[in-house]
Amino acid sequence: MERTARAFWVTAPGRGEIRSAALPEPGDGDVVVRTLYTGVSRGTEALVFGGRVPDSLKEDMRAPHQEGEFPGPVKYGYLNSGVVEQGPPELVGREVFCLYPHQTRYVVPAEAVVPLPPGVPARRAVLAGAVETAVNALWDAAPRVGDRVCVVGAGMVGCCVARMLSSLPGVRLQLVDTDPSRARAAERLGVPFAAPDAAEDGCDLVFHTSASEEGLGLSLGLLGTEGEVIELSWYGDRQVRVPLGEAFHPRRLAVRCSQVGRVSPARRARRTLRDRLTLAVGLLADPAYDALITGESPFEELPATMPGLADGGIPALCHAIAYP
């Protein structure tokens, strides 16, 4: 087995480089994984790349296999699919998903990887983190048959939430975004798309994923009486104004956080983090999710690619990183 690998590090806000990494000797129960693809999560990874993780959240924002500390140097990421080269016989040769950063090869305990079931290709599997976030949000929200629902923000997570909601019988569903080009992804996902000024109000639930004040204000405005916003956005170190005047109190509206770091309280007693991730990986047998991978670059170009992904210069929902 090769004892070295190459990994992407954020060296300072707005800058990154590829460094050599020494691999530890695998122990009993460990696996050696050769990476096939990683995915760049534009929301959280853009904040990390820009050095915008608040000091008060440095521990909460740690990725499972992170090295280094915010704001840098730090090795960060959590959307990794690869093939097991060494480990328990039942895993050798299997393609797996792991919450691991951008690195060509790595050693982790076998329980840290989820084997990909038939019908889930490695490239699509990098979406597992976003699908897992959407699963948790639906557990939090508990949407019902016939609900009127909007998803505000057609990014990677918003699109995953909308795709899952689309199978709910009788649902009136819209995916709302200011970017008209997102209508194409919505079409491929089988979800009606609307610009903000055309979104239907009177909603029972609104899932907000745009990470903008305007999106949160719109989400509250789309609610019907006693409706609820499920807030999935993370704003980093930004202060956000929430419009709690006018109709907020008379109509008894609500805003509730959904955060993927813990299993939803609605399922926490009966589901583990691994249960939830395994469910998310299995849901990716749905080929409609391919609509969310909107670009691809080789790993060696990641230091030059990441600034464009972080500032929006490279438009993307999920950008795949391919490994040799």
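Hydrogens, waters and symmetry mates are skipped; everything else that's a heavy atom, side chains included, is used. Please read all numbers here as calculations on a predicted model, not as lab measurements.
Rounded to the nearest 0.5 angstrom, Phe8 CZ and Arg19 CZ are separated by 10.5 Å. Note that CD1 of Ile321 is 4.5 Å distant from CG of Leu302, once rounded to the nearest 0.5 Å. Distance CG/Leu165 to SG/Cys160: 11.0 Å, rounded to 0.5 Å. The CG atom of Leu138 sits 9.5 Å away from atom CD1 of Ile230, with the distance rounded to the nearest 0.5 Å. Atom CD of Glu213 and atom CG of Leu218 lie 13.5 Å apart (nearest 0.5 Å). Atoms OH and NE2, from Tyr78 and His102 in turn, are 9.0 Å apart once rounded to the nearest 0.5 Å.
Side chain of Thr104 to main chain of Arg6: a donor-acceptor pair is present (N/O by atom type, distance under 3.5 Å, no hydrogens or angles). Judged by distance alone, the side chain of Arg274 and the main-chain N or O of Val113 form a donor-acceptor pair under 3.5 Å. No donor-acceptor pair under 3.5 Å is formed between the side chain of Thr178 and the backbone N or O of Ala195. Within the 3.5 Å criterion, the main-chain N or O of Gly27 finds a donor-acceptor partner in the side chain of Asp30. For Ser167 (side chain) and Arg163 (main-chain N/O), no donor-acceptor pair under 3.5 Å exists by modelled atom type. A donor-acceptor pair under 3.5 Å links the side-chain atoms of Ser233 to the main chain of Ala211, judged by distance alone. For Lys75 (side chain) and Glu67 (main-chain N/O), no donor-acceptor pair under 3.5 Å exists by modelled atom type. Judged by distance alone, the side chain of His208 and the main-chain N or O of Leu216 form a donor-acceptor pair under 3.5 Å. Side-chain atoms of Arg182 never come within 3.5 Å of backbone atoms of Leu317 as a donor-acceptor pair (strictly under, hydrogens ignored).
Smallest separation of non-hydrogen atoms from Ala141 and Arg256: CA-NH2, 4.0 Å. Phe248 and Ala254 make their closest contact through CE1-N, 4.3 Å (heavy atoms, listed as atom of the first residue, atom of the second, distance). Listed here is the closest heavy atom pair of Leu175 and Cys159: CD2-SG, 4.0 Å. Closest approach of Gly51 to Pro71, counting heavy atoms only: CA-CB, 4.1 Å. Taking both residues in full, the closest heavy atoms of Leu253 and Gly224 are given as CD2-O, 3.3 Å, listed atom of the first, atom of the second, then distance. Considering every non-hydrogen atom in both Asp201 and Gly221, the closest pair reads CB-O, 4.2 Å.
Other residues, nucleotides and ligands place more than 12 heavy atoms under 6.0 Å from the CZ atom of Arg251. Within 6.0 Å of CZ in Arg144 there are 12 or fewer heavy atoms belonging to other residues, nucleotides or ligands.
By the ring pair (Phe, Tyr, Trp, His ring centres under 6.0 Å) test, Phe299 pairs with Tyr323, sequence neighbours left out.
For Asp275 and Thr278, the side-chain atoms include no donor-acceptor pair closer than 3.5 Å.
With Arg148 as the fixed residue, the side-chain contact (heavy atoms from CB on, under 4.5 Å) test singles out one of Asp204, Leu222, Leu173: Asp204. In summary, of the residues considered (Leu277, Val281, Leu279), a side-chain contact (heavy atoms from CB on, under 4.5 Å) with Glu132 occurs for Leu277 alone.
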Listing, residues 258-267 side-chain donor-acceptor contacts under 3.5 Å, not counting sequence neighbours, or none:
unit_1 : atom_1 : unit_2 : atom_2 : d
Ser258 : OG     : Asp140 : OD2    : 2.6
Gln259 : OE1    : Gly261 : N      : 2.6
Ser264 : OG     : Asp140 : OD1    : 2.7
Ser264 : OG     : Ala266 : N      : 3.2

